[in-house]
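Below is one structure, written out as structure tokens; the observations come after it.
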Amino acid sequence: MWNKKDLLGIREMSKEEIFTILDTAKEMKIKIDHSDKRDDSLKSESVVTVFFENSTRTKMSFVLAGEYLGAKVVDCLVSASSVNKGETLIDTGINLDQMGTGCIVIRHQMTGAAHLLAKNVKASVINAGDGINEHPTQALLDFFTIYEKLGSFEGLKVAIIGDINHSRVVRSNIFGLKKLGANVVLAGPSTLISSDMKALGADVTTDRREALENADVVMGLRIQLERQKAAAFPDLREYKHFFGIDSEMLKLAKKDVLVMHPQPLNRGVEFTTDVIEGKNSVLNEQVKNGAAVRMAILKLLLGGK
Ligand code: CP
């Protein structure tokens, strides 16, 4: 059962809503594996992607998800749009509404941009990442991957290691994993991990070993040099020395630990290549599951219209 117009954040979602998406994504994944991936369940619908920040996985998987369900999918290329003539986000949205757009998928550098748009348009709005606030569809594909592999969230230890302060993925994951019954431990340099995170219900450490010890899931986060206003550590080699994870370090976690990363990654920094490509890595499954989860979200938001 789904009755929300928009998908804006995990913070405002219930556990039941999360499971509705995961259950629908399971059906959608079967379609992706089928030789004929397409159906026409959303053939009367249209989806517009509006990305103010770069993306490979999120944008492309929304485009393909819409296409697999028969919707018309169009990209509004921000760099070639009237945003560059000073048009506001709300005016852009109202214009897309007038064209009959069913759903707007937006990524924006400003926290709350998707919420602002959703309040001002009739179309369903999906938050594909707003500043350092939330990235709900990434977290949902992470939950789907964990659920598919481990069967439950209850009592799991999820270690998230890297650039915590600049990560919207970490916030969405904390909100959801806590609702689902998992424990979250965050680790990173003290310059990249604020004690505010404790208020969200996560444990915080600057010792990667403490985070890795007996973990069921290890999630690496990219060092976001583009969002750092001042250098948070001397250089990436220094980061790797104190916080990088190689196969020896991974032995501190459970034997069947899931190695995850939202990507893009700094190869050889957050994880060594043998960890990225090792038997515990589910990075490729995460990407595939991203398409299934985004199909599920489009189906739930647009299917009942
Ligand atoms: N994980 C993720 O959001 O990747 P993109 O930036 O490529 O969309």
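First listed ligand is number 1; within each ligand, the first listed atom is number 1. Count residues from 1 along the sequence.
With hydrogens and angles left out, the side-chain atoms of Arg107 and His135 include a donor and acceptor closer than 3.5 Å.
Judged purely by atom type and a 3.5 angstrom limit, Asn280 uses its side chain to pair as donor or acceptor with the backbone of Val257.
Residue pairs that meet the salt bridge (Lys or Arg N to Asp or Glu O under 4.0 Å) test with at least one member in residues 251-261, sequence neighbours left out, are Asp216-Lys254, Glu248-Lys251.
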Measure and list all N/O to N/O distances between ligand 1 and the protein that fall under 3.5 angstrom.
{"unit_1": "ligand 1", "atom_1": "1 (N)", "unit_2": "Gln138", "atom_2": "OE1", "d": "3.0"}
{"unit_1": "ligand 1", "atom_1": "1 (N)", "unit_2": "Pro262", "atom_2": "O", "d": "2.9"}
{"unit_1": "ligand 1", "atom_1": "1 (N)", "unit_2": "Gln263", "atom_2": "O", "d": "2.8"}
{"unit_1": "ligand 1", "atom_1": "3 (O)", "unit_2": "Thr58", "atom_2": "OG1", "d": "3.0"}
{"unit_1": "ligand 1", "atom_1": "3 (O)", "unit_2": "Arg107", "atom_2": "NH2", "d": "3.0"}
{"unit_1": "ligand 1", "atom_1": "3 (O)", "unit_2": "His135", "atom_2": "NE2", "d": "2.8"}
{"unit_1": "ligand 1", "atom_1": "4 (O)", "unit_2": "Arg57", "atom_2": "NE", "d": "3.1"}
{"unit_1": "ligand 1", "atom_1": "4 (O)", "unit_2": "Gln263", "atom_2": "O", "d": "3.3"}
{"unit_1": "ligand 1", "atom_1": "6 (O)", "unit_2": "Arg107", "atom_2": "NH1", "d": "2.9"}
{"unit_1": "ligand 1", "atom_1": "7 (O)", "unit_2": "Thr56", "atom_2": "N", "d": "2.7"}
{"unit_1": "ligand 1", "atom_1": "7 (O)", "unit_2": "Arg57", "atom_2": "N", "d": "3.0"}
{"unit_1": "ligand 1", "atom_1": "7 (O)", "unit_2": "Arg57", "atom_2": "NE", "d": "3.3"}
{"unit_1": "ligand 1", "atom_1": "7 (O)", "unit_2": "Arg57", "atom_2": "NH2", "d": "3.0"}
{"unit_1": "ligand 1", "atom_1": "8 (O)", "unit_2": "Ser55", "atom_2": "OG", "d": "2.6"}
{"unit_1": "ligand 1", "atom_1": "8 (O)", "unit_2": "Thr58", "atom_2": "N", "d": "2.9"}
{"unit_1": "ligand 1", "atom_1": "8 (O)", "unit_2": "Thr58", "atom_2": "OG1", "d": "2.6"}
{"unit_1": "ligand 1", "atom_1": "8 (O)", "unit_2": "Arg107", "atom_2": "NH2", "d": "3.3"}

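Between His108 and Phe52, the angle of the ring planes lies from 30° to 60°, which puts this pair in the tilted group.
For Ser55, the side-chain hydrogen bond (donor to acceptor under 3.5 Å, both in side chains) test picks out no residue, with sequence neighbours left out.
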Show every donor-acceptor pair shorter than 3.5 Å between a side-chain atom in residues 24-31 and any protein atom, with sequence neighbours excluded, or say none if there are none.
{"unit_1": "Thr24", "atom_1": "OG1", "unit_2": "Thr20", "atom_2": "O", "d": "2.7"}
{"unit_1": "Lys29", "atom_1": "NZ", "unit_2": "Glu148", "atom_2": "OE1", "d": "3.1"}
{"unit_1": "Lys29", "atom_1": "NZ", "unit_2": "Glu148", "atom_2": "OE2", "d": "2.9"}
{"unit_1": "Lys29", "atom_1": "NZ", "unit_2": "Asn289", "atom_2": "OD1", "d": "2.8"}
{"unit_1": "Lys31", "atom_1": "NZ", "unit_2": "Asp39", "atom_2": "OD2", "d": "2.7"}

